[in-house]
Amino acid sequence: MSTAVRVRFAPSPTGTLHVGGARTAIYNWAFARRHGGALVLRIDDTDAERSTSENTDQILRSLLWLGIDWDEGPGADGAFGPYFQTQRSELYAVALERMNSSGAAYPCFCTPDQLALKRDLARSAGGFSGYDRTCRGIDPEQALRRVSSGEAHVWRLAVPLDRGPVTFDDAVRGATEFPITAMDDFVLARTDGSPTYNFATVVDDGEMEISHVIRGDDHLSNTPRQILVFEALGYAVPVFAHLSMIWGSDGKKLSKRHGATSVETYEEMGYLPEALLNYLALLGWSLDGETTIISRDTLCEHFSLDRISKNPAIFDAEKLEWMNGAYLRDMNASAFVDAITPWLEREGLVTREDISVRRDWFESLAPLVSERAKRLDEVAQKVRFLFDEPTITEAAREKVLAKEGAIEALDAASEALAAADFTAEAIEAALRTVPETTGVKAKIAFQAVRVAITGDTVSPPLFESLELLGKERSLARIAAARTLAG
RNA sequence: GGCCCGUUCGUCUAGCGGUUCAGGACACCGCCCUCUCAAGGCGGAGAUCACGGGUUCGAAUCCCGUACGGGCUACCA
């Protein structure tokens with residue numbers, strides 16, 4: 001009995017894709033995949049002032065980066081196009097005409113000034129503050145004459161006053177009811193003939209046979225208005241699911257003040273798409289209350305509207321960072337190398353070609369750093385010593401090389417390593433002889449070598465680092481550090 | 001002002017009338033592991049379930065109210 005699942009994500013290209021929009025997109029996408037339905041990507045670009053094609057492109061790119069694919073929309077023609085609202089004017093005009101002829105819409109000649117005055121008056125009197133329906137009382141024939149004479153007018157919805165309350169069963173919030181007496185005869189079409197959001201959306205959702213509308217909480221109050229239009233136009237009313245908002249760390253609206261808000265920024269900061277997807281999916285939805293690492297496939301397999309939480313969520317950048325680290329750790333060497341390639345390239349450490357030539361070497365480097373990084377942008381700094389000669393920091397020199405026994409340890413290490421096979425195991429065995437032959441504590445000896453090799457007191461594991469560097473370069477660095485130490 | 005929605009550890013959440021003096025995750029603290037840093041293991045601290053009334057043998061869970069927060073109330077979306 002259930003009809004096909006068809007959902008839509010309808011961003012306005014007035015900016016880039018924000019994390020809030022991304023989460024809405026993820027939920028729509030996961031729901032479509034879960035039910036073998038279709039995800040429609042519709043571009044709500046009716047705001048000509050603020051909409052740009054650059055923004056549209058950026059939104060599409062961010063969606064793709066996150067791994068969200070759509071079945072219909074830009075680049076994926078379907079039977080319900082076009083998928084840009086600016087190209088659908090004809091549809092809106094036809095729908096408006098239908099409403100007009102059935103008496104569900106009427107022209108209103110009130111000027112903005114008059115309306116503002118009435119609104120102020122009504123509000124200060126308390127109670128209903130919507131349009132007072134003056135023009136609804138105009139004789140239809142006379143109204144028509146005024147319209148055809150070219151008098152400026154908008155079209156408004158004639159709210160069916162004899163109807164009961166508008167009720168709907170929101171998939172997230174449950175039964176919701178709005179008294180019809182609180183419904184405004186809101187504007188469907190502006191003076192210039194263009195449709196308003198509440199009208200265009202309904203025409204689109206109706207024409208596109210959308211079965212479930214999963215969208216932000218800010219539209220909850222618009223829903224009864226839209227239901228009235230669905231009914232007037234004879235479309236099947238979709239199931240609604242309203243998502244609560246995502247707030248910044250201070251509980252206020254998420255903005256630049258809280259750091260990154262757009263998806264592309266997260267990409268630039270070195271986050272993995274699967275980590276952002278996972279984090280956002282869990283921000284308002286849970287699999288079982290226990291599982292936190294949830295793969296794309298698991299999400300598509302188990303996503304359900306009834307496990308979406310009703311309360312707003314605060315965006316926790318720390319948890320996202322932790323999650324990104326968890327994904328980094330879980331990557332296999334090959335995937336990790338692919339992920340870091342652009343970052344190493346950007347830092348000028350290596351070229352793509354170098355990597356493909358020495359693929360094995362890079363893959364053996366991967367596990368050393370993948371479990372130590374939370375973001376991709378940290379990687380270059382961690383492996384820089386393998387490409388560039390290190391500069392020993394002043395702090396490292398004082399804390400380590402100036403220590404008693406450091407020089408002896410370096411000398412002994414140099415000797416032992418010169419004779420060693422250069423595998424991590426052999427290197428370790430060689431270095432472990434240093435404390436014995438010199439009496440220098442292992443910690444001090446190892447740190448001295450670490451500083452010599454990496455320039456810093458913190459680095460990837462020492463033995464493996466030496467192996468990756470190679471014997472010749474390792475010995476040269478120890479000699480250089482020896483000189484520096486005195 | 002009117003209409004509507006929300007409220008469980010600092011944060012994300014589990015919980016859908018009893019098996020919960022509330023479970024998991026991030027962050028935090030301690031211990032272990034250890035060549036540094038991480039990672040990992042173990043343990044700890046952290047929520048009178050916003051508040052007040054009901055209903056019930058029994059409520060975080062149902063109902064009502066209050067407070068606080070939010071949305072809509074535009075010829076924005």
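So you know, we letter chains A, B, ... as the sequences are listed, proteins then strands, and number each from 1.
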**Paired nucleotide for C3(B) [Watson-Crick or G-U wobble; both distances under 3.5 Å]** = G71(B)

**Request:** Using the C1' atoms only, state how far A14(B) lies from G53(B), rounded to an integer number of Å.
**Result:** 28 Å

**Prompt:** For A74(B), does OP1 or OP2 lie under 4.0 Å from any side-chain N or O of R119(A)?
**Reply:** yes

**Request:** Using atom CG of N311(A) as one end and atom C1' of C12(B) as the other, report the distance to the nearest whole Å.
**Result:** 10 Å

**Request:** Fit a plane to each ring of H153(A) and F109(A), take the angle between them on a 0 to 90° scale, and name the class: parallel (under 30°), tilted (30 to 60°) or perpendicular (over 60°).
**Result:** tilted

**Item:** Base paired to C33(B) (Watson-Crick or G-U; both N/O distances under 3.5 angstrom)
**Value:** none

**Item:** Nearest-angstrom distance, P atom, C31(B) to G71(B)
**Value:** 46 Å

**Asked** Using a cut-off of 4.0 Å on non-hydrogen atoms, how would the nucleic acid contact of H219(A) be classed: base, sugar-phosphate, or nothing?
**Response** base

**Prompt:** Below 3.5 Å, does any donor atom in the side chain of S459(A) face an acceptor in the base of C37(B), or the other way round?
**Reply:** no

**Request:** Both distances under 3.5 Å, Watson-Crick or G-U wobble: report the partner of C21(B), or none.
**Result:** none

**Message:** Using heavy-atom distances to pick each residue's nearest nucleotide on RNA chain B, tell me which of E177(A) and N198(A) is more 5'.
**Reply:** E177(A)

**Complete:** Among U36(B), C4(B), A77(B), the one nearest any side-chain atom of Y197(A) is A77(B)

**Message:** Using the P atom as the point on both nucleotides, what is the distance between G10(B) and C37(B), in whole Å?
**Reply:** 31 Å

**Message:** What's the gap between U19(B) and A60(B) when it is taken at their P atoms, as a whole Å value?
**Reply:** 10 Å

**Complete:** Applying the 3.5 Å cut-off to both distances, the Watson-Crick or G-U partner of G65(B) turns out to be C51(B)

**Request:** Send over the distance from Q85(A) CD to A77(B) P, rounded to a whole Å.
**Result:** 8 Å

**Message:** Between F128(A) and E318(A), which residue's closest nucleotide on RNA chain B lies nearer the 5′ terminus?
**Reply:** F128(A)

**Prompt:** Can a side chain N or O of T292(A) be found less than 4.0 Å away from OP1 or OP2 on C26(B)?
**Reply:** no

**Request:** Give a yes or no on whether a donor-acceptor pair under 3.5 Å exists between the nucleobase atoms of C5(B), that is its base, and the side chain of R173(A).
**Result:** no

**Message:** Whether the D113(A) and T111(A) side chains hold a donor-acceptor pair (N or O, under 3.5 Å, no angle test) is what I'd like checked.
**Reply:** no

**Request:** Verify the contact: side-chain N or O of R225(A) to OP1 or OP2 of U73(B), cut-off strictly under 4.0 Å; return yes or no.
**Result:** no

**Message:** Base of G2(B), side chain of S129(A) - is there a donor-acceptor contact under 3.5 Å?
**Reply:** no

**Request:** Please measure how far the P atom in U61(B) lies from the corresponding atom in A50(B), and state the result in whole Å.
**Result:** 8 Å

**Item:** Q85(A) and D45(A): side chain donor to acceptor below 3.5 Å
**Value:** no

**Message:** Less than 3.5 Å apart, any donor N or O on the side chain of Y92(A) or D204(A) sitting next to an acceptor on the other?
**Reply:** yes

**Rounded distance (Å) that lies between atom P of A25(B) and atom CG of L280(A)** = 22 Å

**Prompt:** Can you check whether H212(A) and F31(A) have ring centres sitting under 6.0 Å from each other?
**Reply:** yes

**Message:** Does U36(B) have its OP1 or OP2 closer than 4.0 Å to a side-chain nitrogen or oxygen of K443(A)?
**Reply:** yes

**Fill in**
Here the distance between atom C1' of U11(B) and atom CH2 of W322(A), to the nearest Å, is 14 Å

**Asked** Taking the same atom, P, in C16(B) and in C32(B), what whole-Å distance lies between them?
**Response** 40 Å

**Message:** With rounding to the closest Å, how many angstrom separate the P atoms on U7(B) and G43(B)?
**Reply:** 33 Å

**Request:** Cation-pi check, R156(A) to F186(A): give yes when NZ or CZ is under 6.0 Å from the six-membered ring centre and within 45° of the ring axis, no otherwise.
**Result:** no

**Request:** State whether S244(A) places a side-chain N or O below 4.0 Å from either non-bridging phosphate oxygen (OP1 or OP2) of G6(B).
**Result:** no

**Request:** Using a cut-off of strictly less than 4.0 Å, decide whether S286(A) has a side-chain nitrogen or oxygen near OP1 or OP2 of A14(B).
**Result:** yes

**Message:** What I want to check is whether the side chains of H242(A) and R215(A) have a donor and an acceptor closer together than 3.5 Å.
**Reply:** yes

**Prompt:** Mind checking the P distance from G30(B) to A39(B)? Whole angstroms is fine.
**Reply:** 15 Å

